[in-house]
Amino acid sequence: SAVIILVFFAIYSASGIVAGARLFESVFQVPYAQALWVGAGATILYTLVGGFLAVRWTDTVQATLMIFALILTPVMVILAVGGVQPSMLLIEQADPAKLDFFKGASLVGIISLMAWGLGYFGQPHILARFMAVDSVKSIPAARRIGMSWMILCLFGAMAVGFFGIAYFAQHPEQAGPVTANNERVFIALAGLLFNPWIAGILLSAILAAIMSTLSCQLLVCSSALTEDFYKGFVRKSASQRELVWIGRLAVLAVSVLAIALASNPDSRVLGLVSYAWAGFGAAFGPVILFSLAWKRMTRNGALAGMLVGAVTVVIWKQFAWFGLYEIVPGFLLASLA
């Protein structure tokens, strides 16, 4: 499990570093390579110094910023265009297919999109948040807060992209950065529609999203290396102080690897996330579900599931058979194993 965590979190962490670099590149007009180090440095520093306590408190503030930004931005886009109806008309004029959710859809495509939901069960950084809850009694409230936040943020993010089409159809002269890279749509809209002070807060919400995920991922990598590997196999008698320093070195090592993976300026955030999401979902998802719901689950079954799930995702990704998202075969074969 430690090896799987390190491999896929290096890829996942790279996605956060790419997103941070895009933000600094757009806002400060600096080269991608320079933006990469600035964005990564901010998160690595406080994770290195503050550990889990720092991540817990910053997560709370960052989550509040994110939900505020993702609800406010689409509302302002709609108002700037003139309302929901004019927005729909502009989107239809730009490309009628954008209003048809099933345009160009295929059975494989729909299954691949729906399969993203399977990934949640196996994400260590999401599971770690629930494991950190103060008591079992807090779980129902945590579940309600977590799910409400997730639904609002996902709909907000989709609305930014969707109504962004209308805004840039109405203002094609401002569409250059988004045409070059459509993952910049939120950054561009925040800069165009808001007072610079408000825009600054909204853009910091992007950094918040990156930092909250990246810091948690680095911590999970650190604990995998220290607790599962170093203390488990190298030095069983290691002191707490020694483990803290090994953990910090692990955070640095994974960070450097992630920065190396993110150094390609053509990297896309979604491509990196989808690969890591599939890897964790297939390797750990079935293990978690069977452990909770099936009394005959065994250690060897868990080991077989993790290995088969992870290997299937890596092989399927290389060949992309049938255009099917690699989490589908990975999850199914891991469950069978």
task: Could you list the residues that satisfy side-chain contact (heavy atoms from CB on, under 4.5 Å) with Lys103, not counting sequence neighbours?
output: Ala97, Asp100
- request: Mind checking side-chain hydrogen bond (donor to acceptor under 3.5 Å, both in side chains) for Arg268 and listing every partner two or more places apart, or none if nothing turns up?
  value: none
task: Under the side-chain contact (heavy atoms from CB on, under 4.5 Å) rule, collect the residues that match up with Leu332, sequence neighbours excluded.
output: Val328
Euclidean distance, Ser1 OG relative to Phe284 CZ, rounded to 0.5 Å: 5.0 Å
- request: Output all residues satisfying side-chain contact (heavy atoms from CB on, under 4.5 Å) with Val244, sequence neighbours left out; order by chain, then residue number.
  value: Arg248
- request: Any side chain to side chain donor-acceptor pair (under 3.5 Å) involving residues 137-154? Give me the pairs, sequence neighbours left out, ordered by first then second residue.
  value: Asp134-Ser138
message: Could you check whether any side-chain heavy atom of Val251 comes within less than 4.5 Å of a side-chain heavy atom of Cys221, counting everything from C-beta outward?
response: no
field: Residue pair Leu193 / Val77, side-chain heavy-atom distance below 4.5 Å
entry: yes
query: Restricting to pairs with a member in residues 7-34, which pass salt bridge (Lys or Arg N to Asp or Glu O under 4.0 Å), not counting sequence neighbours?
result: Arg22-Glu25, Glu25-Arg184
field: Euclidean distance, Arg235 CZ relative to Ile246 CD1, rounded to 0.5 Å
entry: 9.0 Å
query: What residue pairs, at least two apart or across chains, pass side chain to side chain donor-acceptor pair (under 3.5 Å) with a residue in residues 159-172?
result: Tyr167-Gln174
- request: Measure the CH2-CG distance between Trp197 and Leu202 for me, rounded to the nearest 0.5 Å.
  value: 14.0 Å
query: Does Tyr325 have its ring centroid less than 6.0 Å away from the ring centroid of Trp116?
result: yes
message: Rounded to the nearest 0.5 Å, what separates atom OG in Ser263 from atom CD1 in Ile17?
response: 10.0 Å
- line: Taken in chain and number order and not counting sequence neighbours, the residues that satisfy side-chain hydrogen bond (donor to acceptor under 3.5 Å, both in side chains) with Glu326 are none
- prompt: Does anything in residues 309-318 pair up under side chain to side chain donor-acceptor pair (under 3.5 Å), and if so which pairs, sequence neighbours excluded?
  reply: none
- prompt: Can you check whether Ile5 reaches Phe280 side chain to side chain, under 4.5 Å on heavy atoms?
  reply: yes
field: Close side-chain approach of Pro177 to Asn181, heavy-atom, < 4.5 Å
entry: no
message: Under the side chain to side chain donor-acceptor pair (under 3.5 Å) definition, can you give me all pairs with a residue in residues 218-232, not counting sequence neighbours?
response: Tyr230-Glu242
field: Residue pairs, two or more places apart or on separate chains, that pass ring pair (Phe, Tyr, Trp, His ring centres under 6.0 Å) and touch residues 19-40
entry: Phe24-Phe28
task: Nearest 0.5 Å please: distance from the CD1 atom of Ile111 over to the CG atom of Leu107.
output: 4.0 Å
- prompt: Is any side-chain heavy atom of Tyr12 less than 4.5 Å from a side-chain heavy atom of Leu272?
  reply: no
- prompt: Hey, any chance Phe102 and Leu113 share a hydrophobic cluster, counting ILVMFWY side chains that come within less than 4.5 Å of each other, even indirectly?
  reply: no
Validation row: Phe8, Trp277 side chains within 4.5 angstrom (heavy atoms): no
statement: So SG of Cys153 and CD1 of Ile67: to nearest 0.5 Å the spacing works out to 4.5 Å
- prompt: In terms of hydrophobic clusters joined by side-chain contacts under 4.5 Å, are Leu154 and Met114 together?
  reply: no
task: Please lay out, stage by stage, how Phe331 and Leu289 fare under the test side-chain contact (heavy atoms from CB on, under 4.5 Å).
output: CA-CA 11 Å; Phe331 202 95; Leu289 291 173; 3.9 Å; yes
query: So with a 6.0 Å cut-off around CZ of Phe229, is the heavy-atom count from everything else above 12?
result: no
task: Could you go through the side-chain contact (heavy atoms from CB on, under 4.5 Å) check for Phe121 and Leu127 one step at a time?
output: CA-CA 8 Å; Phe121 305 116; Leu127 297 173; over 6 Å; no
task: Please list, chain by chain and in numerical order, all residues satisfying side-chain contact (heavy atoms from CB on, under 4.5 Å) with Ala94, sequence neighbours excluded.
output: Ile165, Ala169
